[in-house]
Amino acid sequence: MIGIYDSGSGGLSVLREILKILPREKYVYFADNAFCPYGEKTPEFIRQRGRIITEYLMSCGADIIVIACNTATGAAISTLRKEYSGVPFIGMEPAVKPAALSSKSGVIGVLATAGTLKASKYLNNKGIYESDVKIVEHVGVGFVELVEKGILDGPVAEKIVRASLLPLLDEGADRIVLGCTHYPFLIAPISRIAGPSVEIIDPAPAVARQLHNVMEPRGLLHSDAGPELPDISLVASGDDASEKRILELVIKNINNQ
Ligand code: DGL
């Protein structure tokens with residue numbers, strides 16, 4: 001069983017990509033929405049939530065855990081890997097590399113939470129490419145709250161997205177890295193505001209491939225014997241109404257492909 005967690009519904013954007021390549025595994029998705037957003041919380045708080053959630057997911061039978069949250073990955077993945085060495089962890093990382101390697105303007109924009117932009121994991125990664133491209137950053141202010149309310153497009157979403165995205169576009173960014181798993185659910189206003197010459201980069205498809213590559217040699221894939229339909233248990237530390245709605249959208253989206 002694959003355990004996945006995030007501060008709320010953001011990780012469902014990662015689950016969507018995972019289901020495209022591993023549709024027949026069993027999943028338990030934990031939305032820690034009683035403590036959302038993680039973006040402004042201390043690393044120690046996020047690590048402590050990571051321990052509690054890891055133990056819960058393991059008690060459900062998870063034999064691999066995807067931290068489908070950039071903020072939690074930055075704060076907690078190395079601690080969790082040390083403390084729970086029997087279970088492999090897959091984490092998120094803002095996709096600075098593909099953006100830096102493909103940018104034509106020489107400027108890339110990163111949208112992420114304050115926690116991710118301060119994490120040493122991100123700063124180290126950024127350091128590798130900073131001499132090749134200019135990297136401009138902005139917190140997606142209010143983005144997580146929009147997605148948690150299920151507002152994925154429309155005039156309110158447009159206004160909020162514009163305020164954080166325009167400063168990056170004004171600097172000349174032609175690649176926008178989505179460094180928070182909630183943000184892909186705002187792809188409609190983000191793409192509209194950025195326009196066709198700007199590429200939006202989401203690391204989730206690469207994370208899904210990595211998950212497959214880690215599971216295969218360990219014999220953790222059960223795809224052949226698994227159920228016909230996605231088998232997903234959704235658990236939330238708060239009210240799960242919004243998560244349920246977004247999961248329905250994700251499954252509809254996959255079925256229409
Ligand atoms: N979805 C999360 C991330 O990828 C966390 C957002 C938040 O709770 O602030 O960073």
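Excluded from the calculations below are hydrogen atoms, water molecules and symmetry mates; all remaining heavy atoms, backbone and side chain alike, are included. When a ligand or atom number is given, it counts from 1 through the structure's own listing order.
Side chain of S13 to main chain of T181: a donor-acceptor pair is present (N/O by atom type, distance under 3.5 Å, no hydrogens or angles). Side-chain atoms of S237 come within 3.5 Å of backbone atoms of N33 as a donor-acceptor pair (strictly under, hydrogens ignored). With hydrogens and angles ignored, the 3.5 Å screen pairs no side-chain donor or acceptor of R162 with any backbone N or O of I193.
For atom 10 (O) of ligand 1, the closest non-hydrogen atom of the protein is T71 OG1, 2.5 Å. Of the protein's non-hydrogen atoms, the one nearest atom 9 (O) of ligand 1 is G39 N, 2.8 Å. Nearest protein heavy-atom neighbour of atom 7 (C) of ligand 1: Y38 N, 3.3 Å.
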Q: Dump the intermediate steps for salt bridge (Lys or Arg N to Asp or Glu O under 4.0 Å) on E44 and R51, then the final yes or no.
A: CA-CA 11 Å; E44 188 40 46; R51 292 181 182 105; 3.4 Å; yes
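Under 4.0 angstrom from ligand 1, the non-hydrogen atoms of T181 come from both its backbone and its side chain. Under 4.0 Å from ligand 1, the heavy atoms of S7 that appear belong solely to its side chain. Contacts of D6 with ligand 1, taken as heavy-atom pairs under 4.0 Å, involve the side chain alone.
For T113, no nitrogen or oxygen atom sits less than 3.5 Å from a nitrogen or oxygen atom of ligand 1, counting backbone and side chain alike. In terms of N/O distances under 3.5 Å, ligand 1 is approached by H182.
The six-membered or imidazole ring of F35 lies near that of F45, with a centre-to-centre distance under 6.0 Å.
Under 4.0 Å is where a charged nitrogen must lie from a carboxylate oxygen, and between R218 and D63 no such pair does.
Between the side chains of T116 and N70, not a single donor N or O lies within less than 3.5 Å of an accepting N or O.
Contact atoms of ligand 1 toward V144: 6 (C), 7 (C), 9 (O) (distance under 4.0 Å to a heavy atom of the residue).
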